[in-house]
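Model, not experiment: these values are computed from the prediction. Just so it is clear: chains get the letters A, B, ... in the order the sequence lines come, proteins before strands, and each one is counted from 1.
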Amino acid sequence: MTIRICGVFAGKPPANSAPPESIMPRYQPARIEPKWQSWWEAHATFATPRLPGVRKTYVLDMFPYPSGDGLHVGHPEGYTATDIVTRFERMRGTSVMHPMGFDAFGLPAEEHAIRTGTPPRESTQRNIDTFRRQLKMLGFSYDWNRELATTDLAYVRWTQWIFLVLFDTWFDPAVQKGRPIADLPIPAEVAEQGEVAIAAFRDAHRLAYQSEAPVNWCPALGTVLANEEVIGGVSERGGHPVVRIPLRQWMLRITAYADRLEKELEHLDWPASIKKLQCDWIGRSTGAEVDFHVAPASGCDTAFAAWTSSRRASGFPQQPGNDVLRVYTTRPDTLYGVTYLVVAPEHPLVDSLTTPNHRQAIVAYREAAARKSDLDRTDLAKGKTGVFTGSHCIHPLTGQPVPVWVADYVLSTYGTGAIMAVPAHDDRDWEFAKTFGLDIVTVVEPDSGHAADGSLFTGDGRAIASGPYTGLETRAFIAKVAADLASAGLGKPAVNYKLRDWLFSRQRFWGEPFPILHELGPDGRPTGAICAVDETELPVRLPELTDFRPGDTPDPPLSRAGDGWLIVEKDGKRYRRETNTMPQWAGSCWYYLRFLDPTNADRFVDPEVEKAWMPVDLYVGGAEHAVLHLLYSRFWHKVLFDRGHVSCPEPFGKLVNQGMILGEMEFTGYRSAKGGWVSAQDHGEGDTAAKVPFDQVEKQGEHFVLRDAPKVRVESRAYKMSKSRGNVVNPDTVVKEFGADSLRLYEMFMGPLEATKPWSTAGVGGVRGFLDRCWRLVVDDRSDEVVLSPQVVDDAPTDDQLRELHRMLDKVTKDIPSLSFNTAIARMMEFVNVFTPLERKPRGVIEPFVVALAPFAPHLAEELWEVLGKPAPVSLMTWPHVEEQWLRDDSIEIPVQIGGKLRARVTVPADADIPTLEATAAADPRIAELLAGKQVVKVITVPGRMVNFVIR
RNA sequence: GCCGGAGUGGCGGAAUGGCAGACGCGGCGGACUCAAAAUCCGUUGCCAGCAAUGGCGUGUGGGUUCAAGUCCCACCUCCGGCACCA
C-alpha cells in the first residue's frame, strides 16, 4: 500500500514540483504539460507552411504589450478562444496561420528605463521573455517561428518603409485613391515659382506631412498626444492634464480616407457596436457652408447689395475672403432663425471683427480660453461663456445685421470655426442666448401642434416665418435652400467629419525614428526642405543615449544625440535627422502582414504570400481598441492597397471582442465612525467600507444583508481587477495550482466570450474536477503506474452510447466555429457524466472523445491519447465525423399542454404524425381527466415538439 | 445628456416563439473510511402538502400569440463608451 496523500497538499497537486512516482496515476498537469509543450516544439507540430493548401484560415490575436507585470488572466481568454478554433481547424484539414508577437514600443518601458537607468531595449527584452514563457506555459498552438516584436530592427525597418510610402502618397479626391506623389499635378502658378515652391506644394499634399498647429501637449508625459489619446481633457494613459500649444508636428492625412473608412465598414463581419463606434468617431455630417458678409461701419446696405451681385456673378469661392464670415451648419433650414453668429476664440477674423471698445474684453477672453485645458473647456457643467466683438454681419437672405460673438463653445478645429446661432432650434445656442439675453426666433414647428415662441425644439418639422420657404418640411427646405444659396454664390452643400488628421509624432525616446532628413542651410539652420532617408539606408536606428527623459519643453530626447547621429551629409548637403519618434500605434498598424513573411529581407511581405493568406479571417481582442488601433490599421492598409502593396482593401474580415474578466465577487459592508454597521443604501462620507466574508451574508429579497443583522444591507458586485484593490489573479498561480488546461477550460467555461464575467477560483476547481474525471475515464487510478484503465475495452459501442457520442460531437462541432465554448464544454461534461459510472467503456467512443477534447485541453488529450496506445500527436488527428443517424431518436418525450400550461408528457415515435400525436396526447390518463367535460376549441400540434389543447 | 450592452436559483450561466434553470460552483443527504481527504451516488428555484400534486416564478407595467426569458410599447436599475462636432 502506498501512501498517496499527506499534509496540506491533500487533494491538490503539490505546487510545481515533480511528483513522486508513487502518485503518478493521479492527473498531474505540472508533469504532463511541460512534456507535451516540449514535444510539440521538438516536432514543429504547429509550423505553418509558407502558402496555404486548399482551405486557409488566418486567426489573429491582438498581440500584447509586454508590460512588466506579466500576463494577466484577461490575455488567455481571447488567446484560448483562438487556440481552440485553430486547433479545431487544423484537425479539419484547414491550413492555419496563427502567430504571436509583441507590441513592444511604448511609454511604460521608457518610464521604467528613466526610473532605473537601464535602456528600454533591455527591460523590453526581459518582459518579452516573461510573456513568451507564460504564453508557452498555456500550450497555445502558435507558430513560434513567426514571432516578432515591433521593436526588432528588422521590423522597424519596414515600419519606417511604410511611413515612406505614406510620405510618397497623395490622395486624389477625383478617384478617391492614394497615388504616388510624382503623379500630383502641379498648378501652373506653382510651377512658375520654381523647384522650392513645387517641393513645398508636394509636401503640403502628402499623406504624411508636417504641420504647425495647436497640439495636445502633456507636460507630465513630456509628449504630444493624438486626439484619440485625450479623453475628457486628460491623457488616456495616466490621466495627466493636457494643454494646447502650437508645435511643428508630423500628421497623417487620415481624413482623406474618412469616407472610405466609414463606407467600407459596412460589409465587415464586426460587432455592430464597434462599427458604430468607428462611424461616430469618423462623425460624417452633411449640411452647408454659408457666407455672412461683414458689415462695414457705415453704408451697410449698398455694400451688401454690391457683394451679393458680385457673388451672383462669381459664384461661391473656394476660400472666403476677409470680408465674409463663413459658417458651417447642418440645418440651413433654420437660417431665418439666426439671431447671432459665433466664432471660436482662435478664429483668424477675431482681430478684424473686434471693435476698439470691445478689444480689451476680447483679448482677455482669448487669453483665458488659451490657458484653459481641454477639460475645462469641454466641461458642460460650467455653462456658456462668450464676449461680443462689437461687429455685425449681414444675413445673406434677409439682409439684416446679425451680431458676432466670440465663445469657446465653438471649436476652431471643426467646420469653419464659426457658426450661425439658432437658439430656438439648437440646445447649445439656446443656452448661450438665455445666458446673454439674445433673441430667440422660432422658425420650425413640430408636425404636431405649435411651438411656443422662445422655446427650444431641435427636431425636424415645418418651416414658419421663413420668407419664401415658409411651410416647407425640414428635409425639403434643406435641399431647396442649399441649391438656392449655391446659385446665388452665397453658400454650398458641405460635408464635415469629426475625425481629425492623425497627429503622428511623439517627443519620446522609445519609438521608431522617422526616416526623414531636414536640410540645413549654410548657417546651420533648417531651410524647411525635407527629404526621405533612402530605402536602402533603413532602418534608421535609435541613437545610444544614457538619458531618455523627455524634456520640460517639447524638444525630443533624440535632439540630445550627438552630431554623429543627428547630422547626415548627402550629395554635398548637410541634413539634420528628424528627432521626433512615431507613436506606439505605428508598429501595431501592420504586424498582421509581417507575420505572413517575418524574415523577408527584401520586402515587407511577399505579395504571393500576402495574397494567399489575407485577409485575417478572425481577429480577437479587447474592445479597448475599438477606435484607435482598428481605425489606424485600416487606414494604413487602405494606403498600402491603393499603392498596390496588398491585395485586399480591408485587413480584418471578422472581429470579435472578448469581454473583461472581473475579480471575484465581493460583499462590501459599511461601518460608521462609531464602529456600527450602516446599511449600504444609506452609507455616507465618513463610513468605512469593509469586505464581508461570503458566509456572513444572505440574500433577502432583492438585496444581500448581514446574516447576523438582517437589517443591514451589503453591496455585492465584482470589480475590475486592479493592483490597488488587490483582486488581480495571476495566471502563473492558477497554472501552478490547477494546471494550464484547467485555466484554459475555465476561462472558456465562464460564460459567453463577449460577456464581462467575474472570476471564481471555485469555478476553476470545478473544471479541474472535470479534467480529473476525463483522466480517470482513461487511466487506471488503482494502479501505481499510468496505465490504461481496464474499464476501457474493445466492446462494440451500444446504440445508446453511439447516440451520446455523436450528439456530443455534433454540439461541439457546431459550437466551436460560433465561439460558444461554454456550451461545448458543458456537453463534454455531460458525456463524461454518462460514461464515468459504466464498468465497460468502449474504445470506440472514448477515443473520439479524447480527440474532441484536444482543442480545449490539449496537454491532457495528448497524454490520454498516449495512454490509449495511439501515436502522437492527437493535435493533428482528423476531427471525428458526426454520423447523422445517431442524432435521431426512435421515440421522444414531448410535452402536452392544456391552454398553454404543461400538464403531462407523453412518449411518442420520433416521426409520429399529427393525428398520432394528438391521439396519444388525448389518451394520456391525466390529459383525458382534465379534458373530460371540456370543449376543445383547437389543438395545436408541432410534430416532434409539443401538443397543446385549447379549451373553452 | 447621447450611444451601446445587460438584468433568469445562493453564484457563473443554459434555453431555433414550444417542457425555464442544461452544465458548473455552492448547499444538503448517503456510500467508502477507525476518521478525514479524495472518489462515487442521490438531492437541490420558491410556497403549500406525508404524498400524488397544485400554485407562483426570467427587472417593472402593458400588449401580440394557442404558447413569451425570447417579439412589440413604455419604464426602472446596473455596466461600458462618448461627450459643446453646429
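- In this structure, A/Asn657 does not reach the B/G5 phosphate: none of its side-chain N or O atoms is under 4.0 Å from OP1 or OP2.
- Spacing between B/C23 and B/U58 at atom P, rounded to whole Å, works out to 22 Å.
- Residues A/Ser789 and A/Arg776 have side chains that never bring a donor and an acceptor to within less than 3.5 angstrom of each other.
- With both ends at atom C1', the span from B/U33 to B/C40 equals 13 Å, rounded to whole Å.
- Residues A/Lys757 and A/Glu747 are not paired through a salt bridge, judged by the lack of any N-O separation under 4.0 Å between the basic side chain and the carboxylate.
- Ion pairing between a basic and an acidic side chain is recognised when a charged N comes within 4.0 Å of a carboxylate O; A/Arg725 and A/Glu666 show such pairing.
- Using a cut-off of 4.0 Å between Lys/Arg side-chain N and Asp/Glu carboxylate O, A/Arg26 and A/Asp781 are scored as not salt-bridged.
- Counting any heavy atom pair closer than 4.0 Å across all strands shown, A/Arg776 reaches sugar-phosphate atoms only and no base atom.
- B/G61 and B/U77: their C1' atoms are spaced 15 Å apart (whole Å).
- A close approach under 4.0 Å does not occur between any side-chain nitrogen or oxygen of A/Lys757 and OP1 or OP2 of B/G12.
- Proximity note for A/Asp408 (side chain, C-beta onward) versus B/G4, B/A86, B/C84: the nearest is B/C84.
- Side chains of A/Tyr497 and A/Ser285: no donor on one and acceptor on the other come within 3.5 Å.
- In this model, a donor atom of one side chain and an acceptor atom of the other lie less than 3.5 Å apart for A/Thr385 and A/Tyr365.
- Of the candidate nucleotides B/C23, B/A86, B/A14, B/A86 has the atom lying nearest to any side-chain atom of A/Ile419.
- Using a 4.0 Å heavy-atom cutoff across all strands shown, A/Asp772 reaches no nucleic acid atom at all.
- Nucleic acid contact class of A/Ser760 (heavy atoms, under 4.0 Å, all strands): none.
- Atom OH of A/Tyr719 is separated from atom P of B/C78 by 13 Å (rounded to the nearest Å).
- Here A/Met946 lies in heavy-atom contact (under 4.0 Å) with a base.
- Pair check for B/A15 finds none; no Watson-Crick or G-U wobble contact set falls under 3.5 Å.
- Taking atom P in both B/A48 and B/G10, the straight-line distance is 15 Å, to the nearest Å.
- One interatomic measurement links the two molecules: CH2 of A/Trp281 to P of B/G81, which rounds to 13 Å at whole-angstrom precision.
- Pairing partner, B/U64: none, since no Watson-Crick or wobble contact has both distances short of 3.5 Å.
- The CD atom of A/Glu747 sits 17 Å away from the C1' atom of B/C25 (whole-angstrom rounding).
- Toward the 5' end of RNA chain B, the nearer of the two residues A/Val767 and A/Arg331, judged by each one's closest nucleotide, is A/Val767.
- When distances run from any side-chain atom of A/Arg945 to the nucleotides B/A14, B/U16, B/G24, the shortest one goes to B/U16.
- Among B/G13, B/A86, B/A22, the nucleotide with an atom closest to any side-chain atom of A/Ala826 is B/A22.
- The CG atom of A/Asp501 lies 7.5 Å from the CG atom of A/Leu499; values are rounded to the nearest 0.5 Å.
- Nearest to the side chain of A/Asn948, among B/C41, B/C66, B/G54, sits B/C66.
- If you take atom P in B/C2 and the same atom in B/G13, they sit 29 Å apart, rounded to whole Å.
- As rounded to the nearest Å, B/G21 and B/U43 have C1' atoms that lie 16 Å from one another.
- If you take CE of A/Met420 and P of B/C84, they are 20 Å apart, rounded to a whole angstrom.
- Nucleotide B/U33 forms no Watson-Crick or G-U wobble pair with any nucleotide shown, as no partner meets the under 3.5 Å limit on both distances.
- To the nearest whole angstrom, the two C1' atoms, one in B/U65 and one in B/G54, are 26 Å apart.
- Within 4.0 Å (heavy atoms only), A/Lys498 reaches at least one base atom of the nucleic acid.
- Closest to the A/Pro758 side chain, of the nucleotides B/G12, B/G10, B/G18, is B/G12.
- On the C1' atoms, B/G12 is 15 Å away from B/G7, given to the nearest whole Å.
- Distance from the side chain of A/Val942 is smallest for B/G18 among the nucleotides B/G55, B/G18, B/C23.
- Across all strands, A/Arg284 comes closer than 4.0 Å to no nucleic acid atom at all (heavy-atom distances).
- Comment: A/Arg807 engages A/Asp889 in a salt bridge, judged by a side-chain N to carboxylate O separation of less than 4.0 angstrom.
- Remark: A/Ser285 is in phosphate contact with B/A86, judged by side-chain N or O atoms under 4.0 Å from OP1 or OP2.
- Distance, A/Ile274 CD1 to B/G80 C1': 11 Å, rounded to whole Å.
- If you take CE of A/Met660 and P of B/G5, they are 17 Å apart, rounded to a whole angstrom.
- B/G9 has its base syn relative to the sugar, with a glycosidic angle deviating from 0 by at most 90°.
- Spacing between atom CZ of A/Phe831 and atom P of B/G24 amounts to 15 Å, rounded to whole angstrom units.
- Applying the Watson-Crick and G-U wobble criteria (two distances, each under 3.5 Å), B/C28 pairs with B/G42.
- Comparing B/G81, B/G18, B/C3 against the side chain of A/Leu277 picks out B/G81 as the nearest.
- Checked against B/G24, B/G13, B/C84, the side chain of A/Asn822 finds its nearest nucleotide in B/G13.
- Nearer to the 5' terminus of RNA chain B, by closest-nucleotide assignment, is the contact made by A/Ser273 (compared with the other of A/Ser273 and A/Tyr497).
- Salt bridge A/Glu77/A/Arg744: absent, no basic N to carboxylate O contact under 4.0 Å.
- Counting any heavy atom pair closer than 4.0 Å across all strands shown, A/Glu754 reaches no nucleic acid atom.
- The shortest distance between the side-chain N/O atoms of A/Lys901 and the OP1/OP2 oxygens of B/C56 is below 4.0 Å.
- For A/Tyr409, no side-chain nitrogen or oxygen approaches OP1 or OP2 of B/A86 to under 4.0 Å.
- Using Watson-Crick or G-U wobble geometry with both donor-acceptor distances under 3.5 Å, B/G9 finds no partner in any strand shown.
- Ion pair A/Arg331/A/Asp333 flagged as a salt bridge, since at least one NZ, NE, NH1 or NH2 atom sits closer than 4.0 Å to an Asp/Glu carboxylate oxygen.
- The CD atom of A/Glu918 sits 13 Å away from the C1' atom of B/C66 (whole-angstrom rounding).
- The shortest distance between the side-chain N/O atoms of A/Arg926 and the OP1/OP2 oxygens of B/A52 is not below 4.0 Å.
- A 3.5 Å limit on both hydrogen-bonding distances identifies B/C47 as the Watson-Crick or G-U partner of B/G54.
- For A/Ile940, the listed nucleotide lying nearest its side chain is B/G18; candidates were B/A15, B/G18, B/C40.
- Of all nucleotides present, only B/C79 satisfies the Watson-Crick or G-U wobble test against B/G4, with each distance under 3.5 Å.
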